[in-house]
Amino acid sequence: HGTVDYISPAVTMVLGYPGDQLLNKNLFALIHEEDREDVIRQVQNTQRNPGTTFVTSFRLRHRNQAWIPLEASGNAGAAGSGEPRSYLSLRDTTSREQRSERDREQYERRGKQAEFINTIANQIGTIERSGDLYQLVVDAVQRELDIHFHLVQFFKYAPATNELVLTAAAGSQARRLLDSGLDYRIGEGTVGKAASRLRSVLVTNTAQTIDWSATPGVDDTMSEIATPVIMGSALIGVLNVQSTQIEDIDADVQLLLEVLSGLVAVSSESIRLRQEMGTQMAALNALQRNTSQANIRESGSPLPPVIGYD
């Protein structure tokens, strides 16, 4: 079935994935679709004919989303249970020039991500309402980061009901989902799990994740991440990003979204404090007006106003 049950450190260096990220995953899913059937055919042929070997070349998706040309030699054996097992030895055939190009592309990608964070940080500092903040963030992520991010959502935590309520969304399904009143219980789905664990939950291949459940009416998500927005130990909400591509959301994107979630948490708290201060000042001004009116009735002279407020 192509499921990985062992991977050497040398291979993880070539592919960029931590070893445990590939364990129990389908290696065939990472092979370029034009090469996949030939590789599967050769693997199956060696399993049917023990003692035979094969050598083949194919392209496999690196952790940074680039296609890596590999040469593989393989043979077949059997596990202790008697189940067929294939052993592959991989060699990166990327030329030095291609490696330089790949490194340059990764450098540029990270530069664009840093620029994105700086731009967002400047924009959210001027927002006065939390609803506007969440919509700006999901719009920016969906528009600027990756053309395959077909759905970006923000769920606000409602302590009274212990639920996560969809508050802002971007993508082709956004309006329908907002109108449907979508919400999740804590621990439910990818979004609810991120809220429960207070850490990001990344699904790199939804087809290979047994307990993954799709957003209602959204059938083409192939990878997904949910990142909690936390202030101190208090949960504010969850930022959810979904892609139509397998392995499209990697460690770099996860780190970027976690930084972004931190900025959203700080901005949300600033908005809350400003609104709270405004409410308190309004109450103080109302009290002052009532006191002034009482003074006028008693002495004919009002108290001076609080500077800067009506």
Side-chain angles (χ1 to χ4, degrees), residues 120 124 127-143 145-146 148-207 209-244 248-249 253-254 256-272 275-276:
I120 285 291
I124 66 178
I127 294 179
E128 298 294 330
R129 298 190 306 173
S130 58
D132 294 338
L133 167 67
Y134 306 142
Q135 192 61 53
L136 181 146
V137 168
V138 298
D139 283 341
V141 170
Q142 201 269 334
R143 182 181 62 248
L145 284 188
D146 192 317
H148 302 301
F149 289 176
H150 69 133
L151 181 61
V152 182
Q153 306 175 99
F154 183 85
F155 292 83
K156 186 171 177 59
Y157 176 56
T161 59
N162 201 34
E163 291 179 330
L164 296 148
V165 181
L166 182 61
T167 305
S172 59
Q173 300 279 357
R175 177 45 52 193
R176 180 186 65 80
L177 292 169
L178 285 167
D179 291 343
S180 72
L182 179 64
D183 57 42
Y184 287 102
R185 297 186 300 274
I186 299 296
E188 179 186 15
T190 308
V191 170
K193 289 175 184 175
S196 174
R197 301 170 187 176
L198 294 181
R199 57 182 173 83
S200 295
V201 174
L202 173 61
V203 179
T204 57
N205 186 341
T206 59
T209 305
I210 297 175
D211 61 346
W212 180 81
S213 57
T215 300
V218 181
D219 302 323
D220 50 352
T221 295
M222 297 307 298
S223 56
E224 177 182 17
I225 186 170
T227 302
V229 176
I230 308 165
M231 191 66 189
S233 59
L235 177 66
I236 296 174
V238 175
L239 179 62
N240 174 242
V241 178
Q242 301 184 27
S243 172
T244 58
D248 194 33
I249 303 173
V253 173
Q254 178 176 334
L256 181 145
L257 293 177
E258 288 172 349
V259 171
L260 178 59
S261 293
L263 294 175
V264 172
V266 172
S267 184
S268 295
E269 181 66 5
S270 297
I271 291 172
R272 186 189 68 80
Q275 292 174 340
E276 187 177 280

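All values below come from the heavy atoms of this structure, side chains included, with hydrogens, waters and symmetry mates left out.
- Shortest non-hydrogen contact noted between His150 and Val218 is CE1-CG1, 3.5 Å.
- Side-chain polar atoms of Thr204 and Ser223 form no donor-acceptor pair below 3.5 angstrom.
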Exercise. Could you go through the side chain to side chain contact (heavy atoms under 4.5 Å, CB included) check for Ile236 and Tyr134 one step at a time?
Key: CA-CA 11 Å; Ile236 296 174; Tyr134 306 142; 3.8 Å; yes
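- Put simply, the side chain of Leu164 does not reach to within 4.5 Å of the side chain of Gln153, judged on heavy atoms.
- Atom CZ in Arg129 sits 14.0 Å away from atom OG in Ser268 (nearest 0.5 Å).
- Taking CG from Leu260 and OG1 from Thr227, the interatomic distance works out to 9.0 Å, rounded to the nearest 0.5 Å.
- In this structure, Tyr157 and Ile186 have side chains that are in contact, with non-hydrogen atoms separated by less than 4.5 Å.
- Here the closest non-hydrogen pair linking Asp139 and Ala169 is OD1-O, 4.3 Å.
- Counting only heavy atoms from C-beta outward, the side chains of Glu258 and Ser200 approach each other to under 4.5 Å.
- Across every non-hydrogen atom of Ala226 and Pro228, the tightest pair is O-CD, 4.1 Å.
- Rounded to the nearest 0.5 Å, atoms CD1 (Ile230) and CG (Leu198) are 4.5 Å apart.
- Under 3.5 Å, the side chains of Thr190 and Tyr184 contain no donor-acceptor pair of N or O atoms.
- In this structure, Val241 and Val138 have side chains that are not in contact, with every pair of non-hydrogen atoms separated by 4.5 Å or more.
- Crowding of Arg176 atom CZ: a count of heavy atoms from other residues, nucleotides or ligands under 6.0 Å exceeding 12.
- Distance check: Leu166 CG to Thr215 OG1 gives 9.0 Å after rounding to the nearest 0.5 Å.
- Looking only at side-chain heavy atoms (C-beta outward), Leu256 and Leu145 come within less than 4.5 Å of each other.
- Gln142 places a side-chain N or O within donor-acceptor distance of the main-chain N or O of Phe149, the cut-off being under 3.5 Å.
- Here CD of Gln254 is found 4.5 Å from CD1 of Ile225. Values are rounded to the nearest 0.5 Å.
- Counting heavy atoms from C-beta outward, Lys193 and Asp211 have side chains that approach closer than 4.5 Å.
- Rounded to the nearest 0.5 Å, atoms CG (Leu182) and OG1 (Thr167) are 10.5 Å apart.
- The two atoms that bring Val229 and Ser261 nearest to each other are CG1-O, 3.5 Å, heavy atoms only.
- Ser180 places a side-chain N or O within donor-acceptor distance of the main-chain N or O of Leu177, the cut-off being under 3.5 Å.
- Taking 4.5 Å as the limit, every side-chain heavy atom of Phe154 sits out of range of all side-chain heavy atoms of Val141.
- Using a 4.5 Å heavy-atom threshold, the side chains of Val264 and Leu239 count as separate.
- The shortest heavy-atom contact between Asn240 and Glu224 is ND2-OE2, 2.8 Å.
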